[in-house]
Structure formats: C-alpha cells, structure tokens
4 protein chains.
Amino acid sequence: MLSVMPPVKTARTEPRRGRPRSEQSRQAILRAVSELVLDRDLSEISMDAVAERAGASKATIYRWWTSKELLVLDALRNEWDTAVPEVTDTGSLSGDLRAVIVPWTRELATKPYGHVIASLIVRAQVDPLFAREYRTHFVGPRRKPARSAFRRAIERGEITRDTDVEAAVDLLYGPFYHRLLHTHAAVTDRFARAILEYVVAAVSASDRAVG
Amino acid sequence: MLSVMPPVKTARTEPRRGRPRSEQSRQAILRAVSELVLDRDLSEISMDAVAERAGASKATIYRWWTSKELLVLDALRNEWDTAVPEVTDTGSLSGDLRAVIVPWTRELATKPYGHVIASLIVRAQVDPLFAREYRTHFVGPRRKPARSAFRRAIERGEITRDTDVEAAVDLLYGPFYHRLLHTHAAVTDRFARAILEYVVAAVSASDRAVG
Amino acid sequence: MLSVMPPVKTARTEPRRGRPRSEQSRQAILRAVSELVLDRDLSEISMDAVAERAGASKATIYRWWTSKELLVLDALRNEWDTAVPEVTDTGSLSGDLRAVIVPWTRELATKPYGHVIASLIVRAQVDPLFAREYRTHFVGPRRKPARSAFRRAIERGEITRDTDVEAAVDLLYGPFYHRLLHTHAAVTDRFARAILEYVVAAVSASDRAVG
Amino acid sequence: MLSVMPPVKTARTEPRRGRPRSEQSRQAILRAVSELVLDRDLSEISMDAVAERAGASKATIYRWWTSKELLVLDALRNEWDTAVPEVTDTGSLSGDLRAVIVPWTRELATKPYGHVIASLIVRAQVDPLFAREYRTHFVGPRRKPARSAFRRAIERGEITRDTDVEAAVDLLYGPFYHRLLHTHAAVTDRFARAILEYVVAAVSASDRAVG
DNA sequence: TCCTAACCGAGACGGTACGTCGCGTCTTAGG
DNA sequence: CCTAAGACGCGACGTACCGTCTCGGTTAGGA
C-alpha cells in the first residue's frame, strides 16, 4: 500500500515524531481521484479539483504524491488490489488461462478505466521511474499467473518445452489491451473465449507441428 | 478536420482569391512537431514551442489544425505515409501476414514514436471525433490488409469459414501494440516471427479441431 | 507616465509589431488598485483580487509591473500627478512655503493614502531600485519647490546665505510625514500653520543670531 | 498582548503548576527575530524561518506572541530597552533637547532598524490594537522627555506660554524620522545639530516676535 | 513516587496567494 | 486572404507561509 509513497518508510527504530499522517485525508484524496478519473481524461483533472473534492489542500497531496500519475496509480490500486488472486491449478492450460483472464475482463467491463490506463502508459513511456512503478504494480501481477500457467502446461506435457513463454503471454494479453486501448471493438465474453481458444491452439499446435 | 488531409480538394473549382496558403509554413510546422515529439510526451509540447521552432505564429497553426493531437497526427502521417503498401497475394496466409507485419515492425524500430501513439490513443478515448480520425488514418489502414489476408486464406481453404476474423486481427496486432506501448520487452524480429507462427497456428488449429 | 514601466520604450524607429498594449486594460488595473488600496493594507491586496476587479489576467499585470509596489506607485501617480504645480514666487518665504504645503496637506486630507505611502517606504528601504523610482516620482517633486523657495529667500536677503537648505527642507516636511505615518495626531490646517510659522522663524532667527 | 511585556506579573500569587515557560526558548526566538530582521523586510520573514533558526516550534511562538509584528516589537525592545533614560534638567532648552536627541540618533546610527520601524508603522496604521502597543512602547517614551523639555523651558521663561508644544515635538522628531524612513539623506551629527538649532530658534523666535 | 498540568519539538493539516506557463483568441502591420 | 508578432482573459500549475492541530516527550508542583 505504502510502496508507491516516496520515502518507502524504512526502519521504524525512531519513535516517529510530529503529527502523524492523516489516514482520513489519504483515503479522501484517493477516493476523489477514483471518482474524478471515471468520466474525464487524466489531463482534464486538475489537482485543485482533487483537493477541493477531497476537502484536502494541494500541499498535502503534493507532500505524498510527487505527480498526478503516481496519485492515479495509487488510487487505481486502492480500488483494485483485492482483485489480484493467486491462480489455482485447474488441471489444464485452457482452464488456468480462463481463470486468469475471465475475472480480469469482467472487472474491466465494470469500471471504465481504459482511458486511465492509457494515460498511465503514456507517462510510463516518458518517465522511467514511473514506468518501473507502473510495471511493478500493474503489469507484473497480471503477467505472472499467466506465465505460471504456461509453465505448468509445459510441466504437464501439454505444450512443448521450447514454447516462447514471454511471447505467449503477450499473445494472450495483447489482444485484450489492444481493444481496451484502441476501442475499435468491445472486450466481450465472446471475444475472451475466442482469444483463449486461439492462444491455447497456438501453443498446442506448435507441439503438433513439431511432432 | 479536412485540414488533416491537406491536399484533398473539397470542391475547389473556383481559383480562390487572396494570398494562398504558405506551403513553406505548413512544412515548417509539421517538421517542428515531428522533431519536438521525439523526445517528449505530447503533453509536454506547447503550441508556443511549435510556433517558435517553426518560425510561425500560433494563429497560423490554429487556422489549419484544430487541436494539438490532430497536428501531431498529421505530422506522423507526413513522416510515414509512403509506408502503407497495398498487400500483394503471396499465396499463403503465413506469407501474407508476414508481408503486412514485417515492414511495419521494421518501421516501428526505426523511429521511437511509441509514446506518441500512446498519446493519440489517450485522446482518441476521450474525443470521439478525434477517435474517428485516428482510426481512419492509423488503425484502419493497418487492419484492412490483415483482414484481407485472413479472408483470402478462407477462400483458399487454408482456414475454416467460421474463423472469427476480427478476433484474429486483434490476435495478430495486439501483441505488437502491447509491447510497443507497455515497453516491457522490445519488438524484435524474433518476436515478430514467434507471433506470426502462433497466429497462423491458432487459426489453422481450429480448422483441425473442427475437422 | 510610462517611465515606471520596465523597458521605458526607447526609440520608435521600428514600426511596432504585434498587438498593441491595451490602454483599457492598463487603466482598469490602475483604477482597481487605487480603489482596493484605500481601505486595506498593501499586504492585504492580492494580485488575484486586482486582476478580478480589473477584469484583467494576472499575466497581464505581471507583464507590465514587476511588483505590487511598483503597481501601487503607478496607481498613485495616476491619481495625483496633475497636482504637482510649479510654485510661483509670492514675494516672501512664508508665502512661498505656504503655496507648497497647503495644497499638499489638503490633498492628503482628501484621500487617506497614508498607510499606502508607509508601505511604499518599507519597500523603498529594502529594494534600492524601487527606492530610486519612489524618490524620483514622490519625494523629489515635493522637495524641489521647497528648495527653490528657500533659495529665493536667500536671494532676496530674507535669510542668510549659510542656511542649510537640505536640513530646512527636512524641517519643513518631516513634521507632516511624521504625523501622516505615525498617526499620533491629525494633519490639520492649524498644524500646518504652526509648522510653517516655526520653519520661517527657525531659518530667519539664525539670521538675527548671526547679525 | 500582555506577552509583549514578558515579566509583567498579572496577579500571579499562586505558584503556577506545570512546566514553566522556557526562558531559553524565549531568548532564542527573540534573538532569531532580531537577526533575521536586520537584512530583510518584515514581510520577508516567515514564522517558519524564525522557528527553525530559534530551534523552536511555531506553536510555541504563537502561544506567546499573537502576531509577527508584536514579536518584532518585543525583539526590538529586547535589544533597545536600556536606552530610554529619564532626561535630566540641563538648565536650558537647547541642552535638554540635545540630551534627548543625541543618544537616540547615535543608537539609530548603530543598528539599521529603519526599515523595521517602517514595517511596524505600516502595521500600526492598519491595526488599531497594534498601534496602541507601538505608541505605548516606542513613540510615547520618546516624546515624553521632549515634551517635558519644552514645558520646563516655558516655566523658565525661555519660551512663551502659548507655544504649541505638540507641534514643537513634531517639529523636533519629524525631520529625523523623515530621513530615517525616506533615506534620502543620512542622520548625521551635523544634521542633528542643525535641526536642534532650528527648533530652538523656532520656538524662541515667536517669543521675540510677540515681545 | 506517582499524578497531573503546562510546557516543548516536530511536523502534518486546510487554506490563500503567489508568480509562471500554456491555452486559444484577438488585433496590429505587412506581403 | 494569408502571415508573424505579440498582447489578451483564463485556468492550472507547484510552492511558500499562514495559523492550527496532533503526536510523543519533558519538567515542574501537589498528593
């Protein structure tokens, strides 16, 4: 939770002097951002507006978040972070990938944060520090279970050992992010099923092709 | 809106009185944007900066481009537009897709416009008119030849008639855009080959699965 | 009028390009300051308030006046500068000094700018550039006619040649500024008459003392 | 308000429970202000800066001084308060006034507090409560001995009974404050002698004029 | 020896204003 | 009719201080 914050609170030896940080303020600010971000472009959200809606002062916001993007990142994590479950072994690659993708696409459908993610991606491409933060908290946790699923499939013998796992993960996530960001078509359940089927077929086929 | 496609004659039969538009100014502005956009986020480029670098006045810019994003869009087209070749029939799905993807990925590797595309995507998700423009000039021309390739494969009997072509196109492009935008890994030739192989396998496999 | 302005518009050879400065804006800003300054301390006047009341933007204000004090100085000059008449020779020191002092004290009584002058003095003591500006436009024009009056009195033989004119001028103005700034007592006509009488007696007496 | 005169016991019969006020803190704060005020305008001194330099907390400052101006007033008194001697009767008006003025002008020359006094005057003109405090501690103690000197001169028969004593006091102090605040010229010993001579001449002359 | 009151520092808080920057528009003179 | 120059109203920026408010901790007298 606190890991996005600047000094990363290391070592609690000294007894913490001064007035402690207001948890109420912190929550109010994150909530304000989450709400404002829903119907607006990130660039259309002013820190003044966040401060006013949160009943906080701008100084307080800047004290704890060094940029609007980090603030939004934190707000999104605050909204979502319960939803990164460790994937259980369902016994098949198809089942494992479904268990990863379906809850995520459902979540995406619920809250229209597509444009927010796009904004964060922009920032990540320009600011390396932010990029690291973004990947650590957003991309990494998504890719890991997918990677595990492919690895388990290799262990099981479902797919060949020489499967390019990283490419496979991109093959899986790419199409969803593509629609999410380009909005040329919706991320429906039907689409999810199609992509899952394709991906499983793709990595399995090379098996057959080889064999 | 029309200004994005500069030479498109809009029923211009009469010879237009007054001083004609300065082609020199137009080129200077587009060049200035192309250069500025390389090492900066789109939001970090000010119209004042563009005007100054181009030796133009802001009024001139606003006369011909209604927004910064449309200007950038135009500048990118000005840089790239020779490179949207009509795809020739190579005789196989694999060859057709390769002919679409490989030149494009090579081009992406040359010029680091990933963050610019991300910026345009952000804008497209908030501004429907811009979204239309963006898709017309950037997404559409890419998808069409891919779509044709799959259609031809169906005609040839390489893949089944019930292939979900739109999903297939997303399966193809998604992974590339994913890496381009998230920058978690580079879009290498090796990656391109892997994805192409996977995609072909995916759509072919369902054939076999059905058959 | 323009001399307070930063570049002091030197040489009108080139034909003045770009949109000219808005005289309307300038007047509105000066008027707004003059009004606001009446019932408030200078430190209680925000540039935002001036901008809003003038219907101008802060940027416009800062473009032409580099500090609040210079702005106030200009506003006060705008209000007063008609009132620095060249003193005529009345034939006696007493009459000459009266002609200098009485209109001025009347003006001071009309508009309560005492606290404003105090603010300007503060600034003048800290900022040498401002001090120069302040003395040029406020102190100098007041002292000069008084100095002349004493000089004429010397020529006439009313007072001795070895009169310390600068000290005499301070003897004249000091008491008025003292009451104006310390507000321990009002600057009444009666007070003005008393001081004038004292000053004339003071410089005349040394004559007699010598003779 | 009472805190400005720190040691003044306000009916403190009972011995006061709890931790007593830290004299060390008090001195540190006053010293910090005295130092900071030397090279800066009063408005350029922040309470945060005072607190930091004194090693005190802002809360402590605000507990004992209700405003920055009162704090500065106290700091100045702390620096100067030995220097308000009761004037002795020297036998002549000239001597009495000299005994009042000369030590004071010497003190003014030592420490450049002119701009501080100006700041206090500004505040006094806007805040009546502060004005009272200022006059009680700064203006009053200066005027009283001068007033006495003129009264004694009347008793002695040096000057007429109908001398306007208040105006005379202003005639005496005005020129010094004038130079101190406007800084158009220095307050030298020579200047002090000139003004003293002028003042004595002024009030004496009316005597002769009448007689 | 503990209790309680008043003090102390550190430092976070809600605010207000700052002076600057970028926006998109406008008003000039000139090609 | 177009162009460069540049001033304009507007709104947001990130910072600096304001005066207030918790905190943990210290220093005294009274129980």
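We name chains A, B, ... by the order of the sequence lines, and we start the count at 1 in each one.
Per the geometry, OH belonging to D/Y62 stands 17 Å off C1' belonging to F/dT22, to the nearest Å. What separates CD of C/E44 from P of F/dC18 is a distance of 15 Å, to the nearest Å. When rounded to the nearest whole Å, the span between CH2 of B/W65 and C1' of E/dG24 equals 16 Å. A straight line from CD of B/E52 to C1' of E/dG22 spans 13 Å, rounded to a whole angstrom. C/L36 has its CG atom 15 Å from the C1' atom of E/dA17, to the nearest Å. Distance CD (D/Q24) to P (F/dT26): 15 Å, rounded to an integer number of Å. When the C1' atom of F/dT3 is taken as reference, atom CD1 of B/I29 falls 10 Å away, rounded to whole Å. The distance between atom CD of B/Q27 and atom P of F/dT3, rounded to the nearest whole Å, is 13 Å.
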- Query: How does each nucleotide of nucleotides 5-12 of chain F score, in 5' to 3' order, for protein heavy atoms under 4.0 Å: base (B), sugar-phosphate only (S), or none (-)?
  - Reply: BBBBBB-S
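Ion pairing of D/D41 with C/R123 is absent here, as no side-chain N (NZ or NE/NH1/NH2) approaches a carboxylate O to less than 4.0 Å.
There is a side-chain donor-acceptor pair under 3.5 Å between A/E79 and A/Y113.
Within 6.0 Å of atom CD in B/Q24, 12 or fewer heavy atoms from other residues, nucleotides or ligands are found, so the atom counts as exposed in its surroundings. More than 12 non-hydrogen atoms from other residues, nucleotides or ligands lie less than 6.0 angstrom from CD of B/Q27. Within 6.0 Å of atom CD in C/E44, more than 12 heavy atoms from other residues, nucleotides or ligands are found, so the atom counts as buried in its surroundings.
Considering only heavy atoms from C-beta on, A/V33 stays 4.5 Å or farther from A/R53 through its side chain.
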